[in-house]
Visitor: 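Would you mind keeping the following structure in view while I ask a few things?
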2 protein chains.
Amino acid sequence: MPQPDPIEKQDAVNRLRIVHPERVRSACREASPDHELAALSMIYRVLGDPSRLKILMALRRDEMCVCDLAALTGISESAVSHQLRRLKDLSLVRSRRDGQVVYYALDDKHVVLLLDIGLRHIREK
Amino acid sequence: MPQPDPIEKQDAVNRLRIVHPERVRSACREASPDHELAALSMIYRVLGDPSRLKILMALRRDEMCVCDLAALTGISESAVSHQLRRLKDLSLVRSRRDGQVVYYALDDKHVVLLLDIGLRHIREK
DNA sequence: TGAATATTTGAGCATATGTTCATACATAAG
DNA sequence: CTTATGTATGAACATATGCTCAAATATTCA
């Protein structure tokens with residue numbers, strides 16, 4: 001799981017400037033593998049949009065259908081559907097069909113935690 | 001702090017489709033104000049990039065200077081500096097100058113929490 | 001002072017993102 | 001079967017983002 005050591009390339013071709021080689025080396029050793037960083041960034045990025053946040057916050061209380069979420073967020077039903085698909089692809093949300101209406105609900109225990117901590121953060125600023 | 005009620009516009013000009021008016025109304029009432037959603041999304045979005053994540057994870061252990069972070073992340077020192085500025089603008093990071101070297105360190109108690117929960121999430125998938 | 005090192009800044013560019021519009025699909029009602 | 005309703009999908013477009021490159025600042029050292 002350790003990353004390729006960038007120090008080895010130093011002074012070779014790329015002449016990387018490094019002030020504290022030990023610190024870089026240890027950070028490299030303990031860094032999460034790239035695929036994990038990629039997956040992690042996907043999660044935060046999907047939370048990084050006001051419309052999706054509003055959707056997720058609303059779903060904290062109860063499941064909701066697409067058109068109601070559109071009314072709530074003020075964007076088109078199509079836009080909501082697109083966003084819900086992103087949330088579903090990351091398993092943050094699940095859907096249930098009842099007739100013509102599709103209800104969406106939270107499908108992850110961690111999201112609520114992330115939302116709460118984020119809120120606490122900006123409110124304590 | 002309640003949001004403008006979108007239901008009032010229904011059937012007027014925009015003919016909003018709403019299946020559960022009560023649910024929309026209560027979600028509207030309890031929704032965070034737009035400026036709070038905007039601030040919140042800024043925080044998550046700044047976490048939603050692998051390079052910035054790698055920087056923040058490294059800073060969890062110890063402060064680091066720009067060129068060392070560049071070596072660690074594999075992007076240019078300029079790119080690192082740009083990213084650090086974004087992190088600093090959101091007060092997630094602080095800087096300290098020692099001679100020619102500028103050291104960056106975490107400046108927020110919540111970020112570590114957010115990172116930990118995110119990691120726990122993707123590892124339990 | 002002048003040269004070297006560490007960082008910052010701004011322009012430019014390729015790619016990603018969020019939205020709307022038009023349209024297709026799924027289910028219900030007549 | 002036909003029509004209406006709720007949702008999903010794909011194209012298109014404007015904007016945001018992350019990076020590199022070139023150049024400017026800041027600090028140290030000879």
Side-chain angles (χ1 to χ4, degrees), chain A residues 10-11 14-21 23-24 37-38 41-42 44-56 63-90 93-105, chain B residues 10-11 14-21 23-24 34 37-38 41-42 44-56 63-90 93-104:
Chain A
Q10 187 186 16
D11 291 334
N14 299 3
R15 60 173 198 72
L16 282 181
R17 257 197 312 234
I18 295 186
V19 174
H20 303 289
R23 222 170 283 186
V24 177
L37 288 176
S41 69
M42 293 285 276
Y44 295 124
R45 191 159 11 164
V46 85
L47 297 181
D49 173 76
S51 298
R52 283 192 296 267
L53 275 183
K54 202 163 187 176
I55 290 174
L56 290 172
E63 63 177 10
M64 285 211 203
C65 68
V66 177
C67 67
D68 286 359
L69 287 171
L72 171 67
T73 56
I75 62 180
S76 72
E77 299 173 5
S78 170
V80 169
S81 185
H82 279 295
Q83 306 292 26
L84 286 170
R85 199 161 94 91
R86 289 198 56 182
L87 293 171
K88 197 175 178 183
D89 285 346
L90 289 177
V93 139
R94 69 171 179 277
S95 64
R96 155 182 96 78
R97 175 152 225 147
D98 180 17
Q100 314 177 47
V101 181
V102 177
Y103 293 94
Y104 283 85
Chain B
Q10 188 187 17
D11 290 334
N14 300 2
R15 62 175 195 72
L16 281 181
R17 255 198 314 235
I18 295 186
V19 173
H20 302 290
R23 222 171 283 185
V24 177
D34 284 351
L37 288 176
S41 69
M42 292 285 276
Y44 295 124
R45 192 159 11 167
V46 86
L47 297 181
D49 173 77
S51 298
R52 282 192 296 267
L53 275 183
K54 202 163 187 177
I55 290 174
L56 290 172
E63 63 178 10
M64 284 212 204
C65 68
V66 176
C67 68
D68 285 359
L69 287 171
L72 172 67
T73 57
I75 62 181
S76 71
E77 299 172 4
S78 170
V80 170
S81 186
H82 279 296
Q83 306 293 27
L84 286 170
R85 199 161 94 90
R86 289 198 56 183
L87 293 172
K88 196 175 179 183
D89 285 346
L90 289 177
V93 139
R94 69 172 178 277
S95 64
R96 153 181 98 77
R97 175 152 226 145
D98 180 17
Q100 315 177 47
V101 181
V102 177
Y103 293 94
Y104 283 85

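Residue numbers begin at 1 in each chain, while the letters A, B, ... track the order of the sequences.
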Visitor: Tabulate atom names and distances for all N/O pairs under 3.5 angstrom spanning the protein and nucleotides 12-17 of chain C.
Guide:
from	atom 1	to	atom 2	distance (Å)
dT17(C)	OP1	Arg45(A)	NH1	3.0

Visitor: Could you tell me how far apart Glu77(B) (CD) and dC19(D) (P) are, to the nearest whole angstrom?
Guide: 14 Å

Visitor: Which pairs pass side chain to side chain donor-acceptor pair (under 3.5 Å) with one or both residues in residues 65-81 of chain B, sequence neighbours excluded?
Guide: Arg17(A)-Glu77(B)

Visitor: What's the angle between the local helix axes at either end of the helix from dT1(C)-dA30(D) to dG30(C)-dC1(D), using five pairs per end and rounding to 10 degrees?
Guide: 10°

Visitor: Would you say dT20(C) has OP1 or OP2 under 4.0 Å from some side-chain N or O of Ser76(A)?
Guide: yes

Visitor: Between the base of dT9(C) and the side chain of Ser78(B), is there a donor and acceptor pair under 3.5 angstrom?
Guide: yes

Visitor: Look up atom CD1 in Ile18(A) and atom CG in Leu72(B), then write down how far apart they are to the nearest 0.5 Å.
Guide: 9.5 Å

Visitor: Tell me the interatomic distance from Arg96(A), atom CZ, to dT27(C), atom P, rounded to whole angstroms.
Guide: 15 Å

Visitor: Who are the salt bridge (charged side-chain N to carboxylate O under 4.0 Å, His left out) partners of Arg94(A), not counting sequence neighbours?
Guide: Asp107(A)

Visitor: Testing Val80(A), Leu84(A), Leu56(A) for side chain to side chain contact (heavy atoms under 4.5 Å, CB included) with Tyr104(A), which one passes?
Guide: Leu84(A)

Visitor: Taking only residues two or more places apart in sequence, or in another chain, which ones meet Arg96(B) in a salt bridge (charged side-chain N to carboxylate O under 4.0 Å, His left out)?
Guide: Glu63(B)

Visitor: Kindly compute the distance separating OG (Ser41(B)) from CG (Asp34(B)), expressed to the nearest 0.5 Å.
Guide: 10.5 Å

Visitor: Expressed as a whole number of angstroms, how long is the span from Ile18(A):CD1 to dT7(C):P?
Guide: 12 Å

Visitor: Would you please name every residue forming a salt bridge (charged side-chain N to carboxylate O under 4.0 Å, His left out) with Arg23(A), sequence neighbours left out?
Guide: Asp62(B)

Visitor: For nucleotides 24-30 of chain D, which of its nitrogen or oxygen atoms have a protein nitrogen or oxygen under 3.5 Å away, and what is each distance?
Guide:
from	atom 1	to	atom 2	distance (Å)
dT28(D)	O4'	Gln100(B)	NE2	3.4

Visitor: Rounded off to whole Å, could you give me the OH-to-C1' distance for the Tyr103(B) and dA6(C) pair?
Guide: 11 Å

Visitor: Hey, does the side chain of Arg85(A) come within less than 4.0 Å of dT9(D)'s phosphate (OP1/OP2), counting only N and O?
Guide: yes

Visitor: In chain order, what residues pass the side chain to side chain contact (heavy atoms under 4.5 Å, CB included) check against Arg97(A), with sequence neighbours excluded?
Guide: Val102(A)

Visitor: What is the distance from atom CD1 of Ile55(B) to atom CG of Asp49(B), rounded to the nearest 0.5 Å?
Guide: 8.5 Å

Visitor: Whole angstrom is fine here: how far is it from CD in Glu63(B) over to P in dA6(C)?
Guide: 16 Å

Visitor: Using whole Å, what does the distance between atom C1' of nucleotide dA16(D) and atom OH of Tyr44(B) come to?
Guide: 21 Å

Visitor: Return the SG to CD distance between Cys67(B) and Gln100(B), rounded to the nearest 0.5 Å.
Guide: 10.5 Å

Visitor: For Tyr103(A), give me all partners under ring-ring contact (aromatic ring centres under 6.0 Å, His included), at least two apart in sequence or on another chain.
Guide: His20(B)

Visitor: Please give, in whole Å, the distance from dG18(D) P to Leu69(B) CG?
Guide: 17 Å

Visitor: Indicate whether OP1 or OP2 belonging to dT17(D) is found under 4.0 Å from a side-chain N or O atom of Gln83(B).
Guide: no

Visitor: What's Tyr104(B) touching, base or sugar-phosphate or nothing? Going by heavy atoms closer than 4.0 Å.
Guide: sugar-phosphate

Visitor: Check for me: is His82(A) stacked on dT19(C) by the 5.5 Å centroid and 30° plane-angle rule?
Guide: no

Visitor: Looking at residues at least two apart in the chain, or sitting in another chain, which of them share a side chain to side chain contact (heavy atoms under 4.5 Å, CB included) with Arg86(B)?
Guide: Val46(B), Arg52(B), Gln83(B)

Visitor: Quick one: on DNA chain C, does Gly48(A) or Ala79(B) contact a more 5' nucleotide (nearest heavy atom)?
Guide: Ala79(B)

Visitor: In whole Å, what is the span from the CG atom of Leu47(A) to the C1' atom of dG18(C)?
Guide: 16 Å

